[in-house]
Amino acid sequence: MSETDYPEISDAFVDQLFADMKRLGARVYPEEGIPMFLVAEDMSASAAETDGRTSPNGVLLASAFAQIIAGLKQRKPDLDAGDIASAVELLADRYFLAFAVPPFSQIEDLHPAGSNN
Amino acid sequence: MIEAPDFLTRAYAAQSPVVAVNYHNTPSFRRDQYDREFAAIAERYAGANEDDLAAYLSSGQWPGQKPGIVLAFYNGYRNNFDVVRPLLERHGLIGWFFAATGYVSCPPEEQLAFGATRTLKTIPNEYPDGRYALSWAELRELDRDHVVASHTRNHSKVSLSDGPALESEIIGAQDDFERELGHKVRSFAWLLGGAYGENPLADTCVDRAGYEFLFSNFRIQRLRR
């Protein structure tokens with residue numbers, strides 16, 4: 001998945017990205033909690049243990065991130081380090097709470113262990 | 001160095017990233033805000049310590065039903081202990097307290113001056129006794145149920161080619177923790193977030209200090225030990 005997979009992104013989507021980044025940039029960083037997504041990298045493992053690993057939730061998140069990057073590049077083709085950092089912050093702000101929700105069939109309140117297959 | 005978007009996209013797809021929330025000062029006038037945030041977080045995430053993180057990095061699975069989260073508190077502020085610690089414990093969460101050891105060891109009457117030259121912001125007149133940093137006694141208490149981690153010794157930007165300075169900031173900080181806590185700490189975070197593999201001199205110091213986890217701007221790396 002890369003940003004080139006999103007050839008048509010609306011101006012409204014891009015407008016919203018920049019508006020959200022501006023809003024998030026106005027947070028009081030020294031005093032507020034700032035959600036972030038951190039790449040999980042196990043350098044103690046052999047490549048054979050980690051190569052080919054995929055995560056369903058991670059794939060969704062990667063798709064959302066690629067879309068954000070594609071949107072930003074529509075208006076600013078040469079993203080700098082600050083833009084990438086802002087994009088990750090935006091991704092985390094949008095998704096970090098929703099991201100933790102388990103699959104419907106695995107929500108214990110709805111499907112107590114042993115009640116269903 | 002900043003990671004390229006394509007690297008991040010591939011990495012997220014390979015393994016769900018670790019969710020972190022980064023805090024610094026936690027003044028009492030924001031107590032209710034932190035309380036609400038921790039309540040929302042605790043509904044969805046479980047507190048995670050370094051063993052939990054190691055399990056996740058090696059297997060892709062968190063040990064419990066809920067995913068783990070790293071609630072990071074940077075620099076070693078006293079208000080982390082006074083304001084945040086009780087809230088975390090009420091919500092069953094675990095804090096990761098990344099302290100700059102020189103700040104903790106600094107005499108209270110010198111802490112404002114120490115912080116002013118090291119981007120350690122303080123809340124004006126928050127503590128009339130002048131102690132704005134965590135004490136070692138507080139860190140020892142946090143070390144029981146939370147994670148105490150290293151955030152350099154002096155919270156100063158040093159040249160990545162300055163070997164003695166790197167040694168002091170990386171290894172010296174670990175020496176301080178070992179002396180004061182009675183054991184080494186397992187996690188280290190750079191001031192400006194460089195990842196392992198970007199600078200051989202820094203990597204050597206990280207290895208010599210014996211850190212297991214390196215936190216940088218966009219990654220958590222579990223190092224080969």
Side-chain angles (χ1 to χ4, degrees), chain A residues 1-5 28-46 49-70 72-73 79-85 87-89 91-92 95-102 106 108, chain B residues 1-27 29-30 33-34 37-38 40-41 43-45 53-54 56-60 65-67 69-72 121 123 195-197 212 214-225:
Chain A
M1 182 68 64
S2 76
E3 61 267 22
T4 56
D5 295 332
V28 183
Y29 278 66
E31 298 172 14
E32 294 193 57
I34 309 295
M36 279 297 288
F37 286 132
L38 299 172
V39 168
E41 189 173 334
D42 189 358
M43 301 177 76
S44 71
S46 67
E49 292 174 87
T50 55
D51 278 359
R53 186 181 278 180
T54 60
S55 151
N57 276 355
V59 169
L60 285 175
L61 199 62
S63 175
F65 183 64
Q67 192 174 23
I68 288 172
I69 293 295
L72 295 179
K73 282 187 172 178
L79 300 181
D80 60 26
D83 297 322
I84 306 301
V88 177
E89 285 187 7
L91 183 78
Y95 295 107
F96 102 96
L97 284 183
F99 192 56
V101 175
Q106 294 174 350
E108 284 220 331
Chain B
M1 191 182 90
I2 191 95
E3 277 76 1
D6 283 349
F7 164 80
L8 295 173
T9 303
R10 284 195 304 274
Y12 293 160
Q15 181 166 344
S16 293
V18 174
V19 176
V21 184
N22 297 328
Y23 294 84
H24 293 81
N25 260 303
T26 51
F29 60 79
R30 290 188 184 271
Q33 174 186 339
Y34 303 135
E37 289 176 2
F38 295 163
I41 288 168
E43 275 186 26
R44 297 160 175 88
Y45 289 94
L53 179 62
Y56 179 68
L57 294 182
S58 66
S59 70
Q65 295 241 335
K66 295 179 185 175
I69 190 167
V70 173
L71 298 174
K121 293 183 184 296
I123 308 299
Y196 192 90
E212 181 180 352
L214 183 65
F215 285 64
S216 51
N217 284 337
F218 299 103
R219 298 195 237 178
I220 292 179
Q221 296 166 298
R222 186 183 182 202
L223 307 176
R224 191 170 287 117
R225 288 284 165 259

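Chain naming here is simple, since letters A, B, ... match the order of the sequence lines and numbering starts at 1 in each.
A donor-acceptor pair is defined here as one N or O able to donate and one able to accept, closer than 3.5 Å; such a pair exists between the side chain of B:Arg224 and the backbone of A:Met43. When atom types are taken as modelled, the side chain of B:Asn22 and the backbone of A:Met36 share no donor-acceptor pair closer than 3.5 angstrom.
Contact annotation: the side chain of A:Val88 approaches that of B:Tyr12 to within less than 4.5 Å [non-hydrogen atoms, C-beta and beyond]. Annotation: side chain of B:Tyr56 is not in contact with side chain of B:Arg222 (no heavy-atom distance under 4.5 Å).
Of the two parts of B:Gln65, only the side chain, counted from C-beta on, holds a non-hydrogen atom closer than 4.5 Å to a non-hydrogen atom of chain A. The part of B:Gln33 that comes within reach of chain A is its side chain, from C-beta onward, which places non-hydrogen atoms under 4.5 angstrom from that chain. Contact of B:Ile123 with chain A is made through the side chain alone, with heavy-atom distances under 4.5 Å. Proximity to chain A is absent for every atom of B:Leu214, based on heavy atoms less than 4.5 angstrom apart. In this structure, chain B has heavy atoms under 4.5 Å from both the backbone and the side chain of A:Ala40. With a threshold of 4.5 angstrom between heavy atoms, B:Arg30 approaches chain A through side-chain atoms but not through N, CA, C or O. There is no contact between A:Leu72 and chain B, counting heavy-atom distances below 4.5 Å. Heavy atoms of B:Phe38 lying under 4.5 Å from chain A are absent altogether.
Most heavy-atom pairs under 4.5 Å with chain A: of the set B:Glu37, B:His24, B:Gln221, this distinction falls to B:Gln221. With chain A as partner, the option from B:Ala40, B:Pro17, B:Gly197 having the largest number of non-hydrogen pairs under 4.5 angstrom is B:Pro17.
Of all the heavy atoms in B:Asn25 and B:Lys121, the pair that sits closest is ND2-O, 2.6 Å.
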Original post:
Would B:Tyr23 and B:Tyr34 satisfy side-chain contact (heavy atoms from CB on, under 4.5 Å), going step by step from the backbone distance to the final call?
Top reply: CA-CA 10 Å; B:Tyr23 294 84; B:Tyr34 303 135; 3.8 Å; yes

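Between B:Tyr45 and A:Phe96, the ring-plane angle classifies as parallel under the 30° and 60° cut-offs.
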